[in-house]
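Only one structure is covered here, and it is reproduced in the block below.
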Amino acid sequence: MKKLFLLVLVLTIILVAVGFYRGWLTVSSQDSDKGSNKVELNLTVDQDKIKDDANAVKEKAIDLTGDAKGDEKNDAKDVGDQ
């Protein structure tokens, strides 16, 4: 159970780090009243950026697999012509 918890923790840390790196997550702060010692932190999730990146990955995967499938079809045609 301890190993599973550590695995989930490590994966969460990696996901958050990638999120900040890719611009999916941002943190901003605002000072409250000058007399107060409070600081407001805001975590913003850019869902449009996440969707754009996911679509880019899907398109890249389709291009890569589509090229491979197209190459196999062309190879089969070449063998059939001989």
Side-chain angles (χ1 to χ4, degrees):
M1 187 69 168
K2 191 174 185 180
K3 289 182 182 181
L4 178 63
F5 175 73
L6 287 174
L7 177 66
V8 170
L9 180 65
V10 168
L11 291 176
T12 303
I13 291 170
I14 290 172
L15 181 64
V16 169
V18 169
F20 280 111
Y21 177 75
R22 296 292 302 161
W24 302 337
L25 304 172
T26 54
V27 175
S28 60
S29 65
Q30 254 181 319
D31 290 335
S32 293
D33 299 327
K34 295 204 181 226
S36 175
N37 290 331
K38 295 180 182 179
V39 176
E40 294 181 24
L41 291 176
N42 297 319
L43 176 67
T44 306
V45 178
D46 189 351
Q47 293 180 350
D48 293 331
K49 176 72 172 153
I50 294 171
K51 289 177 185 177
D52 291 343
D53 286 350
N55 287 333
V57 168
K58 286 179 188 177
E59 289 174 10
K60 183 69 173 177
I62 289 171
D63 289 344
L64 291 174
T65 57
D67 290 343
K69 290 179 182 177
D71 291 343
E72 290 173 4
K73 291 178 183 177
N74 291 336
D75 291 342
K77 289 180 183 177
D78 292 339
V79 172
D81 291 340
Q82 294 176 354

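No experiment lies behind these values; they were computed from the predicted model shown. Basis for what follows: all heavy atoms, side chains included, without hydrogens, waters or symmetry-related copies.
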In a table with atom names and distances, give each donor-acceptor pair under 3.5 Å that connects a side chain of residues 45-55 to protein atoms at least two apart or in another chain.
| from | atom 1 | to | atom 2 | distance (Å) |
| --- | --- | --- | --- | --- |
| Asp46 | OD1 | Asp48 | N | 3.4 |
| Asp46 | OD1 | Lys49 | N | 3.3 |
| Asp53 | OD1 | Arg22 | NH2 | 3.2 |
| Asp53 | OD2 | Arg22 | NE | 3.4 |
| Asp53 | OD2 | Arg22 | NH2 | 3.2 |
| Asp53 | OD2 | Trp24 | NE1 | 2.7 |
| Asn55 | ND2 | Lys51 | O | 3.3 |

(request) Kindly indicate whether the side chain of Lys60, heavy atoms from C-beta on, has any atom under 4.5 Å from the side chain of Leu64. (result) yes
(request) State yes or no: do Leu11 and Ile13 share one hydrophobic cluster built from I, L, V, M, F, W and Y residues joined by side-chain heavy-atom distances below 4.5 Å, directly or via other members? (result) no
(message) Would a single hydrophobic cluster contain both Leu41 and Leu43, if residues Ile, Leu, Val, Met, Phe, Trp and Tyr are joined by side-chain heavy-atom contacts under 4.5 Å?
(response) yes
(request) Taking all heavy atoms of Val8 and all of Thr12, pick out the closest pair and write down the distance. (result) O-OG1, 2.7 Å
(message) Holding to side chain to side chain contact (heavy atoms under 4.5 Å, CB included), I want the full list of residues that pass it with Lys38, two or more places apart in sequence or in another chain.
(response) Ser32, Ser36
(message) Is there a path of hydrophobic side-chain contacts, each under 4.5 Å between heavy atoms, that joins Leu6 and Ile14?
(response) no
(message) Is there a path of hydrophobic side-chain contacts, each under 4.5 Å between heavy atoms, that joins Val16 and Val10?
(response) yes
